[in-house]
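Computation of the quantities below employed the complete heavy-atom set of this structure, encompassing side-chain atoms and omitting hydrogens, waters and symmetry-equivalent molecules. Here the structure is a predicted model, which is why all the values come from computation and not from measurement.
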Amino acid sequence: MKLELGGEPGAETGIIPEEYVLTRLAEDPTEPRYRARERRARFVSKNGNCNVAHKNIREQGRFLQDVFTTLVDLKWPYTLLIFTMSFLCSWLLFAMVWWLIAFAHGDLAPGEAAAVPCITSIHSFSSAFLFSIEVQVTIGFGGRMVTEECPLAILILIVQNIVGLMINAIMLGCIFMKTAQAHRRAETLIFSKHAVIALRHSRLCFMLRVGDLRKSMIISATIHMQVVRKTTSPEGEVVPLHQLDIPMENGVGGNNIFLVAPLIIYHVIDAKSPLYDLAPCDLHHHHDLEIVVILEGVVETTGITTQARTSYLADEILWGQRFVPIVSEEDGRYSVDYSKFGNTIKVPTPLCTARQLDEDPSLLDILTLARGSLRKRSMAMAKAKAKFSISPDSLS
């Protein structure tokens, strides 16, 4: 009996499965290993976050000039901590004020208390703290209250109510804005994982698919696309993130889209396009290319403007493929199969740049002839299959 321990492909299979065979025992651990080239850092991640780190900001005080936006931008643990500490600090501050008023009026002395105290039932700092909470939160248990004996106590009562209302307005507004932020709605706006380049109307086009998972619509939805790459000016200035706007097309024309069902957005690669000289081989070596796609619109239910973003690196662009149809008509209504949202199929596409295709239109004619011959061959095979097929009726 022969026992194989992972031989050459096509050799006789042994008893031990290949996943349990130790194939790296003969490797020299001191031999240097070569890693694949690391991918270019994204300017915009696939989920829409901008991959930019802000460092050495000296004017930190500018953030305090817009306190509300700073609170909204904070992470949830810090926001909840500030929310809790704002109420606790205000309660402790006014508790100290109430205790000082009672101490100055002599309400805290056991045997020398005044006939009419400023605040009833204030005997210690703990009772003053409870009274501060009752005033600011308007609980009003009825055991403690301010009398007309001390005008200063009446003034402090008014001030604490105003301060309490301001804290409630700011903190509750901050919590509401954090829960209703626009990027929450963008979680249900999806883009295809890959973009494709193929022929459409006899022109090379850059295409991607976008969809909305919710039934509530995005009003006045617009889509924009930018090419971000590292460039060098004729004067030798290096621009690490050079952004170029390029037009996008859709089924209704223009940048406005009616996003009821998933749409294929495409950009015609013409002489004005920054992708005019992009060839299929460049997708594997063009590491400085990144295409950023921005979808913006107004949420129908809340009226808040939302924005969804994604990007495609060079190796995420598929040449010579197109998206499969996912919208079909069933029972008098249109049905969308999101399981095929990012699926693509190969289609005949010239392996040249858009510039070469414009300079030599015969490349497109050759492709058309090849496509026609393939179509005739498939039709002939279908006819031959139908001719030699035997039906069950003929056998009976």
Side-chain angles (χ1 to χ4, degrees), residues 54 57-185 187 216 299-306:
H54 300 276
I57 300 177
R58 298 180 179 180
E59 299 181 2
Q60 298 287 345
R62 292 181 177 270
F63 294 100
L64 298 179
Q65 296 178 4
D66 188 8
V67 179
F68 186 79
T69 304
T70 303
L71 291 175
V72 174
D73 290 339
L74 288 176
K75 295 182 179 180
W76 272 107
Y78 299 105
T79 302
L80 296 177
L81 178 62
I82 294 175
F83 180 84
T84 305
M85 293 304 298
S86 62
F87 285 102
L88 286 178
C89 291
S90 63
W91 293 340
L92 289 172
L93 176 63
F94 282 100
M96 179 63 67
V97 174
W98 292 121
W99 183 84
L100 290 176
I101 292 176
F103 177 78
H105 193 258
D107 298 340
L108 302 180
E112 302 178 0
V116 180
C118 289
I119 306 103
T120 60
S121 302
I122 296 293
H123 306 292
S124 62
F125 183 78
S126 299
S127 58
F129 180 72
L130 291 175
F131 179 71
S132 176
I133 297 176
E134 294 176 15
V135 170
Q136 188 165 330
V137 190
T138 63
I139 296 177
F141 290 118
R144 302 176 184 87
M145 64 179 181
V146 177
T147 63
E148 66 276 8
E149 182 70 16
C150 301
L152 180 60
I154 300 175
L155 179 62
I156 297 300
L157 177 66
I158 297 173
V159 171
Q160 185 173 5
N161 276 279
I162 295 175
V163 171
L165 290 175
M166 293 179 62
I167 294 176
N168 287 334
I170 295 175
M171 298 311 301
L172 293 179
C174 176
I175 297 297
F176 171 76
M177 290 302 298
K178 284 187 70 67
T179 55
Q181 279 183 338
H183 69 270
R184 305 296 180 186
R185 178 62 176 87
E187 296 294 335
S216 58
V299 182
E300 183 182 25
T301 54
T302 61
I304 300 176
T305 302
T306 185

Practice prompt. Might you work through the side-chain contact (heavy atoms from CB on, under 4.5 Å) test for Trp76 and Leu81, ending with a clear yes or no?
Written response: CA-CA 8 Å; Trp76 272 107; Leu81 178 62; over 6 Å; no

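- Remark: Phe103 pairs with Trp99 by the ring pair (Phe, Tyr, Trp, His ring centres under 6.0 Å) rule, at least two apart or across chains.
- Residues meeting the side-chain contact (heavy atoms from CB on, under 4.5 Å) test with Thr69, sequence neighbours left out: Asp66, Asp73.
- By the 4.5 Å heavy-atom criterion applied to side chains, Met171 and Ile82 are counted as neighbours.
- Atoms OG and CG, from Ser127 and Leu108 in turn, are 7.5 Å apart once rounded to the nearest 0.5 Å.
- Evaluation of the side chain to side chain donor-acceptor pair (under 3.5 Å) rule for Thr147 yields no partner, not counting sequence neighbours.
- Proximity of Met96 to Leu100: side-chain heavy atoms (C-beta onward) are separated by under 4.5 Å at one or more points.
- Under the side-chain contact (heavy atoms from CB on, under 4.5 Å) criterion, Ser126 pairs with Ser124, not counting sequence neighbours.
- Partners of Glu149 by salt bridge (Lys or Arg N to Asp or Glu O under 4.0 Å), not counting sequence neighbours: none found.
- Summarising the geometry, atom CG belonging to Leu130 is positioned 10.0 Å from atom CZ belonging to Phe125; distances are rounded to the nearest 0.5 Å.
- To the nearest 0.5 Å, atom NZ of residue Lys178 and atom CG of residue Leu74 are 7.0 Å apart.
- Val67 meets the side-chain contact (heavy atoms from CB on, under 4.5 Å) test with Leu71; sequence neighbours excluded.
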What donor-acceptor contacts under 3.5 angstrom involve side-chain atoms of residues 150-170, with partners at least two apart or in another chain?
unit_1: Gln160; atom_1: OE1; unit_2: Trp98; atom_2: NE1; d: 2.9
unit_1: Gln160; atom_1: NE2; unit_2: Ser132; atom_2: O; d: 3.0
unit_1: Gln160; atom_1: NE2; unit_2: Ser132; atom_2: OG; d: 2.9
unit_1: Gln160; atom_1: NE2; unit_2: Gln136; atom_2: OE1; d: 3.4
unit_1: Asn161; atom_1: ND2; unit_2: Leu157; atom_2: O; d: 2.7
unit_1: Asn168; atom_1: ND2; unit_2: Gly164; atom_2: O; d: 3.2

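- Side-chain contact between Val135 and Phe94 is absent, with no heavy atoms from C-beta onward closer than 4.5 Å.
- Using a 4.5 Å heavy-atom cutoff, the side chains of Phe87 and Ile133 are not in contact.
- Contacts classified as salt bridge (charged side-chain N to carboxylate O under 4.0 Å, His left out) and involving residues 127-147 (residues at least two apart or in different chains) are given here: Glu134-Arg144.
- The two atoms that bring Ala102 and Ile122 nearest to each other are CB-CG2, 3.8 Å, heavy atoms only.
- Residues meeting the side-chain contact (heavy atoms from CB on, under 4.5 Å) test with Met145, sequence neighbours left out: Thr120.
- Looking at residues two or more places apart in sequence or on another chain, you find no ring pair (Phe, Tyr, Trp, His ring centres under 6.0 Å) involving Phe129.
- Taking the side chain as every heavy atom from C-beta outward, Phe176 and Leu172 never approach each other to under 4.5 Å.
- Among Ile175, Val72, Thr84, the single residue meeting the side-chain contact (heavy atoms from CB on, under 4.5 Å) criterion with Thr79 is Ile175.
- Contact annotation: the side chain of Val146 never approaches that of Cys118 to less than 4.5 Å [non-hydrogen atoms, C-beta and beyond].
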